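Down below is the structure, laid out as structure tokens.
A note on names: the letters A, B, ... follow the listed sequences, proteins ahead of strands, and every chain is numbered from 1. Just so it is clear, the structure is predicted and the values come from calculations on it, not from any experiment.
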2 protein chains.
Amino acid sequence: MNIKKIMTPPVRREDVPAALASLGIAVTAQRIEIGAILLESMQHLSAEQVQARLEADGASASKATVYNTLGLFAKKGLVRELVIDGARVFYDSNPSDHFHFYNVDDGTLFDFPSSPVTLTNLPTPPEGTKLDKVDVIVRVTTK
Amino acid sequence: MNIKKIMTPPVRREDVPAALASLGIAVTAQRIEIGAILLESMQHLSAEQVQARLEADGASASKATVYNTLGLFAKKGLVRELVIDGARVFYDSNPSDHFHFYNVDDGTLFDFPSSPVTLTNLPTPPEGTKLDKVDVIVRVTTK
DNA sequence: GTGGCAGTCTAGACAGAGTCTAAATTGACG
DNA sequence: CGTCAATTTAGACTCTGTCTAGACTGCCAC
Ligand SMILES: [Mn+2]
Ligand SMILES: [Mn+2]
Ligand SMILES: [Zn+2]
Ligand SMILES: [Zn+2]
């Protein structure tokens, strides 16, 4: 057996280097800091929020590094990029397939409760293409 | 009977003023031009593409007017705002409820064929909120 | 007809997210 | 240690979209 156990938030800070390495991400001080922030719990953070938390933790990284690191994490599958509203991208540290509620009035973003939502009769992708991922965003307004 | 027939693309240019008026949109020269472009067929256009078509048609409108008009059309339900990739917003003149394929490699955007896709077991919106709309985007890559 | 006026349009300044570049730093390895 | 490829950095830059303040339009009252 050689099935790698994927680490799921919460991941303790001391385990972050292993979580990165297991995905082929070279371990650096900045990547550990950013990874520790994201993997502390399942959450949705923008680049700006990540950088703010770095500061709050007494760490720091340049804007370019924050963006490069989040992009790398997304490419390696550690986090998932969520395009919700055109103003900023969110990075989601919940690794499971799941869908989102977005409150357009106050900007809050929730995971669907883990009910057995299903998409049926999904058409096959157009000729010459293959499925990458399915995003479902349910937009709600404050009543 | 008083059920207003909603005009569906293709809408002839001469019918655009009525299409706007029926939604409570005050008719102006710029709104007719932009409406004529969008309603010519069911399509997905960015603000930049709309402005380029205006120029191509020998018409024009300031950037502020293009954005204001598209925002107004979306608010009134003439078009639907699609947030696909964080780089730009698309405006969709297909008024029916429908889902999208997006090719992340070449940026092309298609409507799902009108197959009976269904989302089942959709959880109810969080307390204090009500459903606005459901966006389903299937991202594909070129094989 | 003319004047008034609200609504609309406009140029261009501004804002904010994200990218790029070129130089400095890091740290693994011989 | 010294080398060197990978990484990080400051800050300029790009791009989408917003805002402001003034100009324009066209409808209506008189
Ligand atoms: Mn934007
Ligand atoms: Mn952007
Ligand atoms: Zn999520
Ligand atoms: Zn569409």
For this session: Specify the residues of residues 64-74 of chain A, ordered by number, for which at least one heavy atom lies under 4.0 angstrom from an atom of DNA chain C.
Result: A/Ala64, A/Tyr67

For this session: Ignoring backbone atoms, test whether B/Gln30 places a side-chain nitrogen or oxygen under 4.0 Å from the OP1 or OP2 oxygen of D/dT25.
Result: no

Exercise. So, is B/Arg88 near the phosphate of D/dC15, with a side-chain N or O under 4.0 Å from OP1 or OP2?
Worked result: no

Exercise. Would you find more than 12 non-hydrogen atoms of other residues, nucleotides or ligands less than 6.0 Å from A/Asn121 atom CG?
Worked result: yes

Nearest-Å distance for atom pair [atom1]/[atom2], residues [X] and [N]:
| X | N | atom1 | atom2 | value |
| --- | --- | --- | --- | --- |
| B/Gln51 | D/dC15 | CD | P | 15 Å |
| A/Ile84 | C/dA17 | CD1 | P | 16 Å |
| B/Asp85 | C/dG18 | CG | P | 11 Å |
| B/Ile25 | C/dT8 | CD1 | C1' | 14 Å |
| B/Arg31 | D/dT25 | CZ | P | 15 Å |
| B/Glu48 | D/dG17 | CD | C1' | 12 Å |
| A/Glu81 | C/dG18 | CD | P | 9 Å |

Exercise. Of all residues at least two apart in sequence or in a different chain, which pass the side chain to side chain donor-acceptor pair (under 3.5 Å) check with A/Gln51?
Worked result: none

Problem set entry | B/Gln43: side chain to side chain donor-acceptor pair (under 3.5 Å) partners, not counting sequence neighbours | B/Arg53

Problem set entry | Listed once per pair and sorted, the salt bridge (charged side-chain N to carboxylate O under 4.0 Å, His left out) pairs that draw on residues 30-39 of chain B, sequence neighbours left out | B/Arg13-B/Glu33

Exercise. Which pairs count as salt bridge (charged side-chain N to carboxylate O under 4.0 Å, His left out) when at least one residue sits in residues 34-48 of chain A, sequence neighbours excluded?
Worked result: none

Problem set entry | Nearest listed nucleotide, side chain of A/Thr28, among C/dT8, D/dT9, D/dT7 | D/dT7

For this session: Kindly point out which of C/dG18, C/dT10, D/dA10 is positioned nearest to the side chain of B/Ala61?
Result: C/dT10

Exercise. Can you find a donor-acceptor N/O pair under 3.5 angstrom joining the side chain of A/Lys63 to the base of D/dG11?
Worked result: no

Problem set entry | Contact list for residues 64-82 of chain A, test side-chain hydrogen bond (donor to acceptor under 3.5 Å, both in side chains), sequence neighbours left out | A/Ser62-A/Thr65, A/Arg80-A/Asp135

Exercise. Considering residues at least two apart in sequence or located in another chain, which fulfil the ring-ring contact (aromatic ring centres under 6.0 Å, His included) criterion with A/His100?
Worked result: A/His44, A/His98

For this session: Could you tell me which residues satisfy ring-ring contact (aromatic ring centres under 6.0 Å, His included) with B/Phe99, sequence neighbours excluded, listed by chain and number?
Result: B/Phe112

For this session: Treat primed atoms plus P, OP1 and OP2 as sugar-phosphate and everything else as base, then score nucleotides 23-30 of chain C 5' to 3': B for base contact with protein heavy atoms under 4.0 Å, S for sugar-phosphate contact only, - for none.
Result: --------

For this session: Find the distance between CG (A/Leu20) and CD1 (A/Ile25) and round it off to the nearest 0.5 Å.
Result: 5.0 Å

